[in-house]
Number of protein chains: 2
Amino acid sequence: MDQIDRKLLNLLQEDASRTNADLADAVGLSPSSCLRRIRRLKSTGIIDRIVAILRPAKAGRGMKALVTVELEHHGEQQTRRFLDLVTKEAAVIQAYSVSGETDVALMLHLKDMEAFDALCDPLFREGSNVARYHTMFVIRTAKETTAIPM
Amino acid sequence: MDQIDRKLLNLLQEDASRTNADLADAVGLSPSSCLRRIRRLKSTGIIDRIVAILRPAKAGRGMKALVTVELEHHGEQQTRRFLDLVTKEAAVIQAYSVSGETDVALMLHLKDMEAFDALCDPLFREGSNVARYHTMFVIRTAKETTAIPM
DNA sequence: ACTGTGCTTGCAATATTATTGCGTAGATAT
DNA sequence: ATATCTACGCAATAATATTGCAAGCACAGT
C-alpha cells in the first residue's frame, strides 16, 4: 500500500469506468503493472465492489428522510429483530444501531410523502417495539459521496 | 424505460464490472443492443457514475458517527456557510440540511476517536454558529447500500 | 561484499471485450 | 398502404484486458 495504490484508489472511487491504460498513464506505470495492482486491491478486499450510482431524482426517489428510533426494549435480541425488519425495506438505504438515547438510525430514499406514510405503518406501528421515532426530512443535500480519500 | 432497462440498472448497481456480453445474456439481448441501452442510461443521467466502493474498515475508517447539529442562527446564509465548512472535511461523507429542531445532519467516517476529537474542534468550537450538537456513534451497520431497487 | 529470495516492473504476444455499420422487423401515425 | 421512428441482431473491426517472460530492485542471511 504505497502512494501509487492510494492514487489508484482515489481515481477509481471517482470513476471506475476509466480504462486500465488511462489509469496506468495517470499514475505513471505500464498497463500490466497497473492492472496487477488493481487486481490485488480487489482481491485483498480493500476494494469491495464496483457499482453504478444512480441519480435518485431520476430514479424516482427524490425524497430523503433521516429517522432516529428509540425502542421500547433495548435488548440485543429486540434490537436485532427490529434491524432485520427494517433492512428488508427497499426504501431503507442505511440502517445502523447507534449509541445514545436513540437505538437505531435510518436513512430512507423515497418517492414521495405518500411512500413515507406507507412505510411508517409497517415499521413503527403500535405493537412493534418502537417507543418513539423522530423524522428529519432532507431539505438540501450538501454532500453525498461514496469516496474515502486515501 | 422498460423492464429490461430496470433489470440492467439493478444488475449494474450490484456489480458494474460485469462484461457487456454477460449482462446481455442476463437480460436476453444481443451484446450490441445491450450496450446501446446502457449508453443511453448513462447519457440520460439516470446512471450518474461508475465507482469503486472501498471497505471502510480496510481503508482505515472503521469508525462511523452520525451527528445532528442545531445552529445558533438558522438563516439561509448562516446555514449555507456552515455546510460549506463541513463539506470540505474528508471525514464528512454525507451532509444534509434537514427539517425539524436540528438544522444539519452529518455522517462521519473516521479512523478512531482521536480523529473525532480533532474534527470537533474546527467544526463545533465556541464562536462557530453551532448552538448544540449530538453525536451517535455507530455500533453496528445493519445495512448500507448504494442501490436503488428499480 | 556477495548471493539468494521475493516482489515489482515493462514489453510484447494473445485473448477478451467493446464498438460500429448495416440490413431487418415492429410499432405508430399519416 | 406507406412513411417514420426505434430497437433489434449479426458480423466485422477496434479497443482493451490479460498473460508469459526476462530483467531490475530491495532486503536478509552468510
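All values below were derived from every heavy atom in this structure, side-chain atoms included, with hydrogens, water molecules and symmetry-related copies excluded.
- Side-chain N/O atoms of A/Arg39 include one lying less than 4.0 angstrom from OP1 or OP2 on D/dT19.
- Separating the CG atom of A/Leu35 from the P atom of C/dT8 is a distance of 14 Å, rounded to the nearest angstrom.
- Between the P atom of C/dT9 and the CD1 atom of A/Ile38 lies a distance of 12 Å, rounded to the nearest Å.
- Listed by first and then second residue, the salt bridge (charged side-chain N to carboxylate O under 4.0 Å, His left out) pairs involving residues 2-12 of chain B are B/Asp2-B/Arg37, B/Asp5-B/Arg37, B/Asp5-B/Arg40 (not counting sequence neighbours).
- When side chains are defined from C-beta on, A/Thr68 does not count as touching A/Tyr133, because their heavy atoms never get closer than 4.5 Å.
- Here the side chains of A/Ile46 and A/Leu9 are in contact, with some heavy-atom distance below 4.5 Å.
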Where do N or O atoms of nucleotides 10-14 of chain C meet protein N or O atoms at under 3.5 Å, pair by pair?
unit_1	atom_1	unit_2	atom_2	d
C/dG10	OP2	A/Ser30	N	2.8
C/dG10	OP2	A/Ser30	OG	2.7
C/dG10	OP2	A/Ser33	OG	3.1
C/dG10	N7	A/Ser32	OG	3.3
C/dG10	O6	A/Arg36	NH2	2.8
C/dC11	N4	A/Ser32	OG	3.0

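- For DNA chain C, none of the residues of residues 3-27 of chain A falls under the heavy-atom distance limit of 4.0 Å.
- By the side-chain contact (heavy atoms from CB on, under 4.5 Å) test, A/Ala57 is found to be paired with no residue, residues two or more places apart in sequence or in another chain being considered.
- Here C/dC7 presents its P atom at 17 Å from CE of A/Met1, a figure rounded to the nearest Å.
- Relative to the axis of its first five pairs, the axis of the last five pairs of the helix from C/dA1-D/dT30 to C/dT30-D/dA1 sits at 30°, rounded to 10 degrees.
- Between the CG atom of A/Asp2 and the P atom of C/dC7 there is a distance of 15 Å, rounded to whole Å.
- Looking at residues two or more places apart in sequence or on another chain, you find no salt bridge (charged side-chain N to carboxylate O under 4.0 Å, His left out) involving A/Arg81.
- Side chain of A/Gln13 to main chain of A/Ile148: a donor-acceptor pair is present (N/O by atom type, distance under 3.5 Å, no hydrogens or angles).
- Judged as a side-chain contact (heavy atoms from CB on, under 4.5 Å), and not counting sequence neighbours, the contacts of B/Thr145 are A/Ile93, B/Lys143, B/Ala147.
- Applying the side-chain hydrogen bond (donor to acceptor under 3.5 Å, both in side chains) rule to pairs touching residues 96-107 of chain B yields A/Glu144-B/Tyr96, B/His74-B/Asp103, B/Gln94-B/Tyr96, sequence neighbours excluded.
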Write down the protein N/O and nucleotide N/O pairs, taken from nucleotides 22-28 of chain D, whose separation is under 3.5 Å; answer none if there are no such pairs.
none

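- The CZ atom of A/Arg37 sits 17 Å away from the P atom of D/dA17 (whole-angstrom rounding).
- For A/Glu76, the salt bridge (charged side-chain N to carboxylate O under 4.0 Å, His left out) criterion is met by A/Arg80, B/Arg140, not counting sequence neighbours.
- Side-chain atoms of B/Met63 and B/Phe137, non-hydrogen and from C-beta on, do get closer than 4.5 Å to each other.
- For B/Asp84, there are no salt bridge (charged side-chain N to carboxylate O under 4.0 Å, His left out) partners at least two apart in sequence or on another chain.
- Remark: side-chain polar atoms of A/Ser33 are not paired, donor with acceptor, to backbone N or O of A/Leu29 under 3.5 angstrom.
- Pairs of residues two or more places apart, or lying in two chains, that qualify as salt bridge (charged side-chain N to carboxylate O under 4.0 Å, His left out) and include a residue from residues 49-61 of chain A are A/Arg55-B/Asp48.
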